[in-house]
J.: 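The following block contains the structure, expressed as structure tokens.
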Amino acid sequence: VSYRTDFARAFGAETWIAGAVFLLVVATMISAFVHSRLRRRRGHPSSQKAKADKLELSYLGVLAIVAAFLATFSLTLNNRETADPPKAAMTVKVLAFQWCWRFSYVGQPVSVTGRCEGGTLPTLVLPAGRPVRIEVTSADVIHGFWIPYLRWKIYAYPGHVNSFTVTLGQDGRWIGRCSELCGVYHYEMDFYVQVVPPARFDRWLRSRGGSANAVSSG
Ligand SMILES: [Cu+2]
């Protein structure tokens, strides 16, 4: 499952269609303008209502088809991302609060937090290639769990858990942000996501008092 790739596909398709519609509208406006000027110069009336109705109806038809395609396309991609997630090898609870984050590894005595406004950003460490369930909630107001590079964004609501399952194939370290204006230090509410090889993840977990077996059996 790659949110980034699917996002690029959807965004690419939508950009091409938006560009084509834009050109079509501009071309139609220019040709209508030129056409009506020529007609007026020749002494004809500049518009014919019956013809314009037909044109408008066909324009409406084309737009309806484009809109139906876009809705189906993006819903299909969205559905593919969320339907039948693989059985998660582990679950991480993400708690957003004013103004930082806490990542708790379920079944492990391990949790990571920081002081975002002091510049100590917490890091969400994840194993590459293992399906991980991320459960996002908030302790106070509405925040947004957002990792721009990976194209993940999900609301963190107080009193409600939003979750998704993801498998990250690639090692790396990316910045995460709060995407919902949540107070004075909203702009400092950043974190890191670090994806490491499974063996290194297990070592990291053990070094913090966890046990690798509990999470790698899934
Ligand atoms: Cu926030």
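Counting starts at 1 for both ligands and their atoms, following the listed order. We number each residue from 1, following the sequence as shown.
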J.: Quick check: does H186 put an N/O/S atom under 2.8 Å from the Cu ion (ligand 1)?
T.: no
J.: When the aromatic ring centroids of W204 and Y105 are compared, is their separation below 6.0 Å?
T.: yes
J.: Please confirm whether F145 and Y155 have ring centers closer than 6.0 angstrom.
T.: no
J.: Write the atom name of the N, O or S atom in H143 that is nearest the Cu ion (ligand 1).
T.: ND1
J.: Taking the six-membered ring for Trp, are the ring centroids of W99 and Y187 within less than 6.0 Å of each other?
T.: no
J.: Verify whether one side chain among S163 and R133 offers a donor that lies under 3.5 Å from an acceptor in the other.
T.: yes
J.: SG (C178) to the Cu ion (ligand 1) to SD (M189): angle, nearest 10 degrees?
T.: 110°
